[in-house]
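On a predicted model such as this, the values are computed, not experimentally measured, just so you know. A, B, ... follow the sequence lines: proteins, then strands. Residue 1 opens every chain.
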There are 2 protein chains.
Amino acid sequence: MVTNPGRRRRATIHDVALEAGVSRGTVSRVINDEPYVSAEARIAIEAAIERVGYVPNTAARNLVMQRSQAVGFIVHEPHSLFLEDPNIGEILLGANAALSLADFQMVCLIIDSERDTDRVARYLSGGFVDGVIVVSARKNDPITRIIEKLGLPSAFVGHPPDLRRLPFVGIDNRSSAFAITERLLATGRRRVGMIASALDRDSGADRLAGFTDALGPLFDPALVARVPFYAYADGVKGMRALLAAEPELDGVFAASDAVAAGALEALREAGRSVPGDVGVVGFDDSAWALRCQPLLSTVHQPAAGLGERAAESVLAQLRGEEPELGGILLTTPIVWRDSA
Amino acid sequence: MVTNPGRRRRATIHDVALEAGVSRGTVSRVINDEPYVSAEARIAIEAAIERVGYVPNTAARNLVMQRSQAVGFIVHEPHSLFLEDPNIGEILLGANAALSLADFQMVCLIIDSERDTDRVARYLSGGFVDGVIVVSARKNDPITRIIEKLGLPSAFVGHPPDLRRLPFVGIDNRSSAFAITERLLATGRRRVGMIASALDRDSGADRLAGFTDALGPLFDPALVARVPFYAYADGVKGMRALLAAEPELDGVFAASDAVAAGALEALREAGRSVPGDVGVVGFDDSAWALRCQPLLSTVHQPAAGLGERAAESVLAQLRGEEPELGGILLTTPIVWRDSA
DNA sequence: CGGCGATCTGTGAACGTACACAGAGTAAGT
DNA sequence: ACTTACTCTGTGTACGTTCACAGATCGCCG
């Protein structure tokens with residue numbers, strides 16, 4: 001085959017060698033700029049590279065080097081994540097920044113169907129990545145099992161994987177919820193409710209637990225509105241339910257900022273003033289918090305930091321270090337604004 | 001080397017052959033389930049695969065097959081895109097769905113710095129992807145030049161690349177803006193302004209042009225507020241400026257739904273009713289539109305469709321078909337709700 | 001002038017896979 | 001019994017690169 005019609009054959013290191021009148025070895029040395037190559041050879045080779053339009057085939061290089069200089073970033077349930085969770089973008093960028101510094105390529109893989117799961121599993125097994133960061137893994141996930149089986153350096157962000165020996169990085173939802181509820185109480189509120197979301201996830205359950213802890217004897221199960229998701233619409237519904245259950249309510253902890261925004265809407269519609277009649281706090285410190293009227297007091301979620309630490313964990317494992325046991329928990333400062 | 005301490009050596013097709021007492025060729029036939037292999041050999045090999053824990057090295061396979069079964073998805077300016085543009089997630093998912101159907105792996109690459117640009121360029125040249133989808137390419141972009149140089153099958157979504165011979169898929173911003181402005185006028189509005197964003201991008205400039213077209217002799221340059229981005233805060237600022245310039249204003253076309261949401265806030269703060277005093281329309285039909293009070297009339301942007309068509313274009317080129325000249329423009333239905 | 005180190009270059013093997021080909025064995029048709 | 005066809009298997013080569021090693025050339029010193 002001379003030239004593949006349609007797509008032209010790419011120049012190889014061999015073509016360059018032929019063109020420059022030297023051997024592969026010398027060309028290789030020039031490309032990876034190693035010593036021990038004469039000035040004239042170097043010049044000839046550089047000219048030849050230009051002439052034949054050579055670009056190295058990294059895939060071939062990786063095959064012999066036994067590493068890819070790439071780390072996968074797996075996103076599960078992209079629908080809910082991209083559209084509801086404002087953190088995912090920040091986590092992505094945090095991880096990318098850390099990997100970039102170490103000259104690693106981050107490749108983001110989306111899992112949106114059964115087909116995707118299998119294909120991504122094949123991709124991970126295929127030697128395209130040296131490690132992997134997983135966001136929002138599912139219970140009993142085939143991807144998690146593959147990672148464990150391959151012994152692929154990994155870091156899970158958001159919540160711990162099924163296999164507790166795999167490293168993860170996250171926040172302590174329980175003590176964060178505890179802290180912000182405590183400060184809400186410190187403002188003098190006594191009838192405090194919670195709009196609790198996503199109780200099937202660790203994050204949701206832990207936030208409720210922290211709330212319960214903080215209230216202690218003041219806790220009243222009737223003042224917990226349970227809603228499915230972390231979304232605005234859930235906040236509206238949850239707040240209405242709470243007001244119906246207890247008109248004298250004077251404080252609310254919403255499980256997310258989006259939920260809190262919905263709660264504010266419902267409170268406005270019910271004619272309550274915030275923070276006058278009712279104090280409201282959220283969780284995430286996302287764009288929602290600054291979009292609310294009044295500005296939302298909330299728990300700052302260090303999303304970029306989570307991505308960064310996850311990347312660093314994978315890089316450390318790649319250097320041969322042992323991953324931390326029990327995972328890494330990042331601190332979550334409380335941001336005190338106007339809503340409570 | 002017996003076993004690399006730390007990371008164990010992965011089993012190869014050779015190990016399987018040895019374990020099963022057959023040759024590489026036969027193992028290869030079993031893996032790609034080709035005919036002409038005896039039942040006993042097949043059973044022995046499958047058992048051996050299980051025993052040694054073999055998973056094929058796709059990277060090595062790609063090297064000899066000269067294709068990767070993967071398509072890159074490049075995201076520029078991720079900060080603004082992920083945090084402001086609600087469409088990016090949908091485009092991503094649309095593209096992923098189409099590629100998934102053809103059993104291609106989509107790998108998403110983020111460009112967030114100068115380093116990233118170079119690394120991604122190397123990645124594209126390295127033979128890891130058979131084609132590429134680019135969102136929001138920049139003017140005079142090194143990535144675009146690399147793609148052109150390599151002859152990599154590609155599709156640009158959002159706006160056309162510098163090199164007009166590269167295929168792109170987008171919407172007709174100008175005629176969409178024309179259409180919605182015209183319908184706004186049809187509701188009887190006569191003093192109509194626009195909050196025009198991102199005039200340095202094709203999309204922003206075209207939306208303003210469409211608006212101007214539709215107004216014809218009614219057009220008044222004083223009723224155009226120019227703001228830098230498609231964001232909520234820009235909408236608030238733009239609307240205030242517009243009201244200051246013309247208190248009698250009775251209609252507004254906002255360059256995006258986020259901007260429209262900001263405009264609604266500014267109108268509420270100025271004591272104007274919507275759609276009573278002022279009619280408001282947006283652009284995108286994003287989550288913003290349903291979060292507004294009143295619900296927003298807007299131009300539906302077929303984001304998932306854009307991703308899908310871009311993917312299909314790349315796949316078609318991979319099959320050897322010629323890309324459409326001049327690009328593909330998708331239609332943008334107008335969604336009439338309560339704000340105008 | 002022989003030996004030695006430094007510099008430069010080419011060659012062969014390896015990475016893990018797919019594919020073409022050759023060869024062996026078996027069954028059926030002439 | 002001889003061809004023919006079909007089934008099954010193993011071997012060699014290729015993909016594009018890196019790396020270890022073996023030569024070759026040169027200057028320098030004893």
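- Nucleic acid contact class of A:P35 (heavy atoms, under 4.0 Å, all strands): none.
- Listed pair A:S23 / C:dG10 meets the phosphate criterion, a side-chain N or O lying under 4.0 Å from OP1 or OP2.
- Taking atom CG of B:N62 as the reference point, atom P of D:dT17 lies 15 Å away to the nearest angstrom.
- With rounding to whole Å, B:L63 atom CG is found 9 Å from D:dT17 atom P.
- Across A:S154 and A:L166, no two heavy atoms sit closer than the pair OG-CD2, 4.1 Å.
- A donor-acceptor pair under 3.5 Å is formed between the side chain of A:D141 and the backbone N or O of A:I143.
- Side chain of B:Q66 to backbone of B:N62: no donor-acceptor contact under 3.5 angstrom is found.
- Between A:Y36 and D:dA24 there is no side-chain N or O to OP1 or OP2 distance below 4.0 Å.
- For B:S28 and C:dA18, the shortest distance from a side-chain N or O to OP1 or OP2 is below 4.0 Å.
- Between A:R24 and B:I13, the residue anchored closer to the 5' end of DNA chain C is A:R24, taking for each the nucleotide with the nearest heavy atom.
- Each of B:S38 and B:V64 lies near DNA chain D, and the nucleotide nearest B:S38 is the one positioned closer to the 5' end.
- With the nearest nucleotide of DNA chain C identified for both A:G21 and A:M65, A:G21 has the one nearer the 5' end.
- Atom OH in B:Y54 sits roughly 3 Å away from atom P in C:dT17 (whole-Å rounding).
- In this structure, B:N32 reaches the C:dA18 phosphate: one of its side-chain N or O atoms is under 4.0 Å from OP1 or OP2.
- Toward the 5' end of DNA chain D, the nearer of the two residues B:V37 and A:T12, judged by each one's closest nucleotide, is B:V37.
- Taking atom CG on A:D33 and atom P on C:dC8, their separation rounds to 14 Å, with Å as the unit.
- The residue A:A59 sits apart from the nucleic acid: no heavy atom pair falls under 4.0 Å.
- Of all nucleotides listed (C:dT17, C:dC15, D:dT9), C:dT17 comes nearest to the side chain of B:N57.
- With rounding to the nearest 0.5 angstrom, the CG atom of B:D130 is 6.5 Å from the CD atom of B:Q69.
- Taking atom CD on A:E40 and atom C1' on D:dT25, their separation rounds to 13 Å, with Å as the unit.
- With rounding to the nearest 0.5 Å, the separation of CZ in A:F128 from CG in A:L109 is 10.5 Å.
- Here B:Q66 does not reach the OP1 or OP2 of D:dA14: none of its side-chain N or O atoms lies under 4.0 Å away.
- Proximity of B:T26 to the phosphate of D:dG10: a side-chain N or O atom is located under 4.0 Å from OP1 or OP2.
- Rounded to an integer number of Å, the gap from CZ of B:R29 to C1' of D:dT7 is 11 Å.
- The existence of a salt bridge linking B:D15 and B:R51 is excluded, since no basic side-chain nitrogen approaches an acidic carboxylate oxygen closer than 4.0 Å.
- One atom, NE2 of B:H14, and another, P of C:dG16, lie 10 Å apart when rounded to the nearest Å.
- Between the C1' atom of C:dC8 and the CD atom of A:E34 lies a distance of 13 Å, rounded to the nearest Å.
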